[in-house]
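Lettering follows sequence order; numbering is per chain, from 1. Source: prediction; values computed, not measured.
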Amino acid sequence: MTTARALPGEHIHIAVNEQTAPFWEAAKEERLVAPRCGDCARFRMPPTPFCPHCQSKAIDWVELSGKGEVFSYTVCLKPPFPGEVFPFVPVVVSLPDADGVRLISNVVGGDIADVHVGMKVKVAWNPITDGWKVPIFEPDHGD
Amino acid sequence: MTDLRDKTAIVGVGATPYWRRGESWPRTITEMVGDAILAACEDAGISVKEIDGFAYYSSANAGYGESMETASIIETLGIPEITFTATLTGGGGGSAGALGLAAAALTHGDATYVVTVMALQQAKQRLGTVFAASAPKPENAFLQPAGLAGPGHLMALLARRHMHKYGTRREAFAEIAISSRNNALNRPTALKRTPLTLEEYFKADLIADPLCVYDFCLETDGAVAVISCLADRAKDLRHKPVYVTAAAHGGSRDWGRAFAWYNMPDEIFASSGHASVAKRLYAKAGLGPSDIDVALIYDHFTPMVLMQLEDYGFCAKGEGGPFVESGAIRIDGALPLNPHGGQLSEAYIIGMTHIREAVEQLRGTAINQIAGAEVALCTGGPAPIPVSGAILRNTL
């Protein structure tokens, strides 16, 4: 068994702007949020200035349950950073309580061999540089 | 709609040698571009001073981190006057579509001889880890932290979804890698000339499951240029004209930034993003998949070849696996694919080697000549839009 691990946060940097700040500020507090159009109420990800359906700029930031489902995944041989070499698991996760919009993330915890399309996952948090946190996902056993 | 069918033709093609990644150093991009253009002029039988147009793609970037500057190119080559210089936006998705940009210039009387060129040198930054190396931006904060270092890692997620939805097997990806390698074995220009076996394929480490090293294209250096002009003028030049029957670029919002955002609807997610462009290309050409004699399909990663075969209608959606596993894409198959060995086994110059091979096939001078080839399809890379395709032929 090879346990799926998070990437080392000290190598991960993000930049933030007006559109994306609410997502990352909430993430700092370990809350997963997504932008929902203030007019037509449809979700979108990543955060953008306009609703692609109705072109509205109005946004409601909705706190989500953190539950997700693996839409696709890959197992990469080694991290793209200097240091320890270990396999890790990038995933595209769909968020059922946000119209199925998707996040690009990692699965951590559990055996890498168990990762599959359709796997139920729940959000966890990986501290990175400058005090930010990025959402990652653990297997959700329904407990 | 103005009918540009066969109104322009490719009349010259030229290239530098192909080198392994970084080995073209210390040549400059401008020198490599110049060498390719001069070779293309020689091939066409025209003076470089007659060049008056540039139709680039990839935003006129030479790979990643370098650019092609028309001003520098004409200064160094002594081209006296330029009447058209423009580029398709995006990246390698536009390679085939740049022929349409050239056609637009030529048919509007904006230029007489238009160059389309790409040069790639990976001495400073290799493409394989380009995303890991890029500076943090708000937009890539939703991608970069997941550790997807390069384009192959990104496209592994599309391949995995295709396997899940349609039962596609790694044997299909292997078939693409192996048939491309077989086509490269006898080519002096190919950088991979040793046979690849199925056993070796399955023994290789999975860099980004389900992709192993043989599913990735080569990382190489080099430059390729082609020259287009109006079809009437082309008839008087050195070679049999290779007519640009149609070219199309663009793509749907559903595909959009593709593997940079991953929010495509399911069917488009497990695709090459070419479906809408393919449909438009065939309509413009008045031709269909059954008319294609040889397919030059952009092969940065084997699964994306398979998905393009679906999007260009050579098989039904989801049937790409069985189609390639049947042997259809081999040199003696129903749809000979990349007889030059492609980017997987010959060299990767961001789509230009496919255009070069299409020209050679339609002149009848290709090393692995497809007997009687009259119509060729060239595609640009599945990538953030634009994606593109072109249909070329040698007989009107």
- Query: Got a salt bridge between K317(B) and E267(B), using NZ or NE/NH1/NH2 to carboxylate O under 4.0 Å?
  - Reply: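 No, this pair does not count.
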- Do E200(B) and R181(B) sit within salt-bridge range, that is, some charged N less than 4.0 Å from a carboxylate O?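 No.
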Which bit of [X] comes within less than 4.5 Å of chain A, counting heavy atoms only: side chain, backbone, both or neither?
{"X": "D266(B)", "result": "both"}
{"X": "L157(B)", "result": "both"}
{"X": "H164(B)", "result": "side chain"}

Heavy-atom proximity to chain B below 4.5 Å, by part of [X]:
{"X": "F88(A)", "value": "side chain"}
{"X": "P90(A)", "value": "both"}
{"X": "W132(A)", "value": "neither"}
{"X": "F81(A)", "value": "neither"}
{"X": "I12(A)", "value": "side chain"}
{"X": "V16(A)", "value": "backbone"}
{"X": "V91(A)", "value": "backbone"}

- Please name the pair of heavy atoms, one in C40(A) and one in C51(A), separated by the smallest distance, quoted to 0.1 Å.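 Where C40(A) meets C51(A) most closely, the heavy atoms are SG-SG, 3.6 Å.
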- Item | Contact summary for W125(A) and I136(A), nearest pair of heavy atoms |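 Closest heavy-atom pair between W125(A) and I136(A): N-CG1, 3.8 Å.
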Evaluate the side-chain proximity of [Y] to [X]: yes if any heavy-atom separation is below 4.5 Å, no if none is.
{"X": "Y214(B)", "Y": "T302(B)", "answer": "no"}
{"X": "Y298(B)", "Y": "V387(B)", "answer": "no"}
{"X": "W19(B)", "Y": "Q121(B)", "answer": "no"}

- Query: Looking at S72(A), S94(A), P80(A), which makes the most heavy-atom pairs under 4.5 Å with chain B?
  - Reply: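 Going by pairs under 4.5 Å, I would pick S72(A).
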- Message: Among L103(A), I128(A), I14(A), T74(A), which residue has the highest count of heavy-atom pairs closer than 4.5 Å to chain B?
- Response: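 Option with the top pair count is T74(A).
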- Any idea which of D209(B), L206(B), D205(B), L158(B) has the most non-hydrogen atom pairs under 4.5 angstrom with chain A?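 Option with the top pair count is D209(B).
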- Message: I'd like to verify something: which residue of P145(B), A208(B), A146(B), A149(B) has the highest number of heavy-atom pairs under 4.5 Å with chain A?
- Response: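 Sorted descending by pairs with chain A, the first entry is A146(B).
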- F71(A) and F269(B) aromatic ring geometry - parallel, tilted or perpendicular at 30°/60° bounds: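 It falls in the perpendicular class, over 60°.
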- Message: Would you call the rings of Y312(B) and H274(B) parallel, tilted or perpendicular, taking 30° and 60° as the class edges?
- Response: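 If you compare the ring of Y312(B) with that of H274(B), the planes turn out tilted.
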